[in-house]
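Just so it is clear, the model here is predicted, and its values are computed rather than measured. The analysis underlying the following values was restricted to heavy atoms, covering all of them including side chains, and did not include hydrogens, waters or symmetry mates.
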Amino acid sequence: MDTRQDKETKVPKWPRMTKFTLSACAASVAELVTFPLDLTKTRLQVQGEAALRRAGVSSSTQPTYRGMLRTAIGIVQEEGPLQLWRGVTPAIYRHVVYSGGRMLAYEQLRESVLGRNTDGSFPLWKAVVGGMLAGGLGQFLASPTDLVKVQMQMEGRRALEGKEPRVRSVHHAFMKIFSEGGVRGLWAGCVPNVQRAALVNLGDLTTYDTVKHFLLRNTPVEDNSICHSLASICSGLVAATMGTPADVVKTRIMNQPRDPQGRGLLYKSSIDCLMQCVRGEGFWSLYKGFLPTWMRMAPWSMTFWLTFEQIRKTMGISSF
């Protein structure tokens with residue numbers, strides 16, 4: 001007779017492209033539902049930049065929002081409610097590549113490369129390695145779409161400040177970035193982006209996988225929506241805590257003005273950005289936007305994992 005552990009390890013040989021597609025679909029649903037929180041987070045992270053003050057940007061042009069709710073209300077009042085979804089198209093493009101890639105990579109690492117123990121368990125250290133590798137790889141591939149998303153999210157703010165728009169559409173943004181910085185320009189901010197993704201997935205994938213199977217092995221909880229919800233709540237909190245500092249650095253590097261060669265004018269590297277943030281604004285500047293980050297990651301994680309697990313069940317693929 002099969003034990004619960006045996007059942008957990010039996011994964012039907014479904015095509016990798018099918019699993020990639022299912023992951024991308026679940027991520028797209030989660031992104032559409034929670035995107036306004038991502039926009040709010042981005043606006044909070046770039047306001048009050050010490051580097052902009054040193055560069056001579058007038059403080060009168062800087063955002064004056066305080067807190068997540070006021071920022072969201074301000075965007076609706078000043079720019080319109082639909083602007084809460086500005087940049088959602090490249091965000092979905094990103095998650096098709098990023099989430100599809102990271103989920104497929106993690107599952108392959110867990111089942112084929114790193115391998116489970118003989119009792120069917122997946123050791124924590126392997127989950128950590130697998131989560132960070134999968135997240136870093138997925139984000140590296142999706143970095144150009146993330147760059148476009150961040151720049152489009154800031155266009156509404158630039159319009160209110162009386163500045164000329166930098167980009168008009170997703171296609172225009174890609175072409176503009178490519179024409180100014182070449183292929184390398186499309187990966188601007190890639191290093192902090194990959195660092196953030198590795199940390200976020202250490203929190204998200206590793207925590208979800210570990211908590212879910214801990215519950216299945218050590219509690220009466222069954223492999224159902226309750227189990228998936230509990231695991232996703234834990235994963236969202238850990239991911240937000242570990243990923244916010246790298247997210248702040250990534251956002252500021254991607255949003256900074258650039259010279260004709262595509263080099264950043266405010267920050268030389270992710271380390272330089274990190275040091276400038278701490279020196280100019282204090283350590284807690286690295287957690288600007290933490291509340292909307294967590295409030296986005298929590299429902300995003302729950303929406304994604306519940307959708308992902310349900311789609312797998314409907315398609316006849318074993319639980320993640």
Side chain to side chain, Thr40 and Leu69, heavy atoms closer than 4.5 Å: no
State whether the side chain of Asn218 and the backbone N or O of Phe214 hold a donor-acceptor pair below 3.5 Å, judged by distance alone. yes
For His95, ring pair (Phe, Tyr, Trp, His ring centres under 6.0 Å) partners two or more places apart: Tyr98, Trp300
Taking only residues two or more places apart in sequence or in another chain, which ones pass side chain to side chain contact (heavy atoms under 4.5 Å, CB included) with Phe178? Val183, Leu186
Among pairs that include at least one residue of residues 88-98, which meet salt bridge (charged side-chain N to carboxylate O under 4.0 Å, His left out), considering only residues two or more places apart or in two chains? Arg94-Asp146
Considering the options Ser225, Ser232, Ser319, which one meets the side-chain hydrogen bond (donor to acceptor under 3.5 Å, both in side chains) requirement together with Glu309? Ser319
Sequence neighbours excluded, every pair satisfying ring pair (Phe, Tyr, Trp, His ring centres under 6.0 Å) that has a member inside residues 100-125: Tyr106-Phe320
Taking atom types as modelled, is there a side-chain donor on Thr244 or Lys288 under 3.5 Å from an acceptor on the other? no
Can you name the salt bridge (charged side-chain N to carboxylate O under 4.0 Å, His left out) partners of Lys176, sequence neighbours left out? Glu180
Taking NZ, NE, NH1 and NH2 as the nitrogens, is one of them in Arg102 or Glu107 under 4.0 Å from a carboxylate oxygen of the other? no
Salt bridge or not between Arg252 and Glu281? Use side-chain N to carboxylate O under 4.0 Å. yes
Any donor-acceptor N/O pair, Ser121 side chain to Pro123 backbone, under 3.5 Å: no
Is there a donor in the side chain of Arg86 and an acceptor in the side chain of Gln83, or the other way round, less than 3.5 Å apart? yes
Shortest non-hydrogen contact between Gly203 and Val238, atoms and distance: CA-CG1, 3.5 Å
Does any non-hydrogen side-chain atom of Ser318 lie less than 4.5 Å from one of Arg312? yes
Asp119 and Arg217: which non-hydrogen atoms are nearest, and at how many Å? O-NH1, 3.8 Å
If we only count heavy atoms from C-beta on, is the Asp223 to His228 side-chain gap below 4.5 Å? yes
Hydrogens and angles aside, do Ser235 and Ser301 bring a side-chain donor and acceptor to less than 3.5 Å of each other? yes
Can you establish whether the number of heavy atoms outside Ile226 located under 6.0 Å from its atom CD1 is more than 12? no
Contacts of Asn224 meeting side chain to side chain donor-acceptor pair (under 3.5 Å) (sequence neighbours excluded), chain-then-number -> none
